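Quick notes on the structure that follows.
Everything numeric in this text was worked out from a predicted model, so none of it was measured. In listed order, ligands and their atoms are each counted from 1.
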Amino acid sequence: LESLDVEAIRQQFPILQREFDGQQVVYLDNAATTQTPDPVVNAMSDYYREYNANVHRGIHHLSQEASIAYEEAHDRVAEFINADGREEIVFTKNTTEAENLVAYSWGLNELEPGDEIVLTEMEHHASLVTWQQIGKRTGADVKYIQVDETGRLDMDHARELITDDTEIVSAVHVSNTLGTVNPAAELTEIAHEHDAFSFLDGAQAVPNRPVDVDAIDADFYAFSGHKMAGPTGIGVLYGKRELLEEMEPYLYGGGMIRKVTFEESTWGDLPWKFEPGTPPIAEAVGLHAAVDWLEEIGMDRVRTHEEALAAYAYDRLEAEDDVEIYGPEAGSDRGGLVSFNLEGVHAHDLTSIMNDHTIAVRAGDHCTQPLHDKLGVPASTRASFYVYNTREEVDELVAALEDARQLFA
Ligand SMILES: Cc1ncc(COP(=O)(O)O)c(CN[C@@H](CS)C(=O)O)c1O
């Protein structure tokens with residue numbers, strides 16, 4: 001697998017040439033959001049310049065072009081994750097809304113006291129808070145698969161926790177804090193052994209590695225456009241067709257109906273049933289362009305590049321005596337990010353020092369507060385990589401630690 005031509009890739013991101021105080025930006029906050037390459041920006045500009053119109057098959061030429069582009073974006077995303085067609089691809093605002101769609105449309109209607117929702121201790125708030133609140137409103141119990149001392153899921157505990165009372169297992173595919181790559185297919189298999197649904201949060205997986213929802217056999221799978229070189233404002237809920245067919249929408253309005261009378265309404269075909277009102281048309285065009293752009297690079301090469309950078313960062317940070325790293329050692333089950341703390345320096349102070357060096361990393365709980373409580377730290381600093389990052393940028397990150405030591409430690 002030949003490596004990426006990072007320089008050629010970087011040329012497509014003018015933002016990476018930006019300087020602050022005479023220093024070129026080192027963008028290592030890709031788990032929060034990735035940057036947007038020119039082909040994606042241009043595709044969205046072209047839409048607004050040449051065929052902007054509302055969708056749902058208006059009669060005029062522009063609406064027909066916009067409708068086709070919007071519908072074909074669903075087809076392209078379906079192909080990208082090996083779903084069975086556009087009917088299984090609902091465009092949402094983001095991963096968070098995709099989680100809420102299943103929670104409100106299925107969870108609120110189907111769950112009752114005695115049922116169980118199984119999450120993991122490393123869940124992002126998008127999943128954890130959503131299902132926690134649905135549990136409170138339905139009386140279903142919420143349980144958490146433990147994370148072991150290496151930062152991996154305790155799969156023995158998973159097998160113990162998932163029972164015939166489990167109705168859904170909602171798990172992060174790749175942890176945005178630990179980098180852990182969870183065994184999505186195995187979790188799904190265990191869930192299915194107990195007739196429970198499997199919902200994978202793929203916000204840190206689809207942008208970074210090949211994902212095949214059919215091979216995983218997930219019932220639901222969610223991710224966001226802005227984390228995969230695409231625009232903000234669009235996410236994806238994948239759902240098995242037969243499940244989405246049975247689910248009641250929870251957002252109503254135009255575009256999602258078949259027939260409306262004063263007394264009653266019936267719902268449109270999939271996926272439109274779950275896409276009320278004017279959808280994110282330009283964003284869908286952008287997401288389509290992002291998928292094309294990523295596929296041109298090749299997701300295997302994206303994964304290899306990220307894992308190599310994460311391994312290099314892990315090794316460099318591991319070599320520092322006063323750095324604590326969270327999550328599994330570098331390898332096949334660590335994605336392209338590293339969260340850590342520098343002894344004696346709060347993550348926010350460290351990240352501020354990093355910013356003095358024009359290095360963009362993230363400090364905080366990364367929307368995984370319960371996990372940080374379990375780790376026994378209030379916050380961590382996280383460096384997360386993408387296709388345009390280099391080993392030299394990792395070296396700059398490590399070098400900046402010295403300033404922090406001088407100032408704070
Ligand atoms: C695993 C995981 N699951 C869900 C989300 C939410 O994605 P949205 O597009 O914001 O809805 C995220 C986004 N995590 C950002 C913001 S906290 C991070 O810095 O890690 C995620 O990483």
Side-chain angles (χ1 to χ4, degrees), residues 27-36 77 90-104 119-133 144-145 147 151 153 169-182 184 187 198-209 211 218 220-238 280 283-284 286-287 290 306 310 326-327 333-340 347-348 351 354 360-372 375 379-386 389:
Y27 186 78
L28 301 177
D29 195 20
N30 295 284
T33 200
T34 53
Q35 297 304 335
T36 315
V77 170
V90 178
F91 284 163
T92 60
K93 192 167 50 262
N94 48 36
T95 301
T96 304
E97 187 180 47
E99 290 278 350
N100 279 272
L101 193 162
V102 178
Y104 276 83
L119 309 177
T120 80
E121 290 181 330
M122 64 171 86
E123 285 316 291
H124 183 282
H125 293 164
S127 158
L128 193 151
V129 179
T130 304
W131 290 106
Q132 176 194 76
Q133 296 307 309
Y144 297 89
I145 300 170
V147 174
L153 286 185
V169 177
S170 184
V172 65
H173 191 171
V174 177
S175 167
N176 67 312
T177 294
L178 300 171
T180 311
V181 181
N182 289 320
L187 282 166
S198 154
F199 189 166
L200 276 305
D201 166 355
Q204 301 294 346
V206 168
N208 314 89
R209 60 189 50 239
V211 170
F220 302 107
Y221 197 100
F223 53 100
S224 296
H226 67 95
K227 296 184 192 287
M228 52 186 285
T232 54
I234 190 164
V236 178
L237 172 71
Y238 158 80
E283 291 78 1
L287 179 59
E306 280 191 32
Y326 308 106
D333 60 352
R334 169 181 276 274
L337 62 94
V338 182
S339 296
F340 62 95
H348 287 115
T351 300
M354 291 289 170
V361 290
R362 170 91 23 178
D365 55 54
H366 320 306
C367 300
T368 60
Q369 281 182 20
L371 177 61
H372 277 77
L375 294 171
S380 59
T381 294
R382 182 190 65 193
S384 48
F385 310 106
Y386 213 34
N389 291 126

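- Considering all non-hydrogen atoms of both residues, Ala98 and Ala222 come closest at CB-CB, 3.6 Å.
- Residues passing the ring-ring contact (aromatic ring centres under 6.0 Å, His included) test with His348 are His346, sequence neighbours excluded.
- Applying the ring-ring contact (aromatic ring centres under 6.0 Å, His included) criterion to Phe220, with sequence neighbours excluded, gives Phe197, Phe199.
- The 4.0 Å heavy-atom shell around ligand 1 contains residues Ala31, Ala32, Asn94, Thr95, Thr96, His124, Ala126, Val172, Asn176, Asp201, Ala203, Gln204, Ser224, His226, Lys227, Cys367, Arg382, ordered by chain and number.
- For Phe385, the ring-ring contact (aromatic ring centres under 6.0 Å, His included) criterion is met by no residue, not counting sequence neighbours.
- Tested against His226 for a side-chain hydrogen bond (donor to acceptor under 3.5 Å, both in side chains), the candidates Thr232, Thr95, Thr33, Thr36 yield a single pass: Thr33.
- Checking side-chain atoms of Tyr27 against main-chain N and O of Tyr386 turns up no donor-acceptor pair under 3.5 Å.
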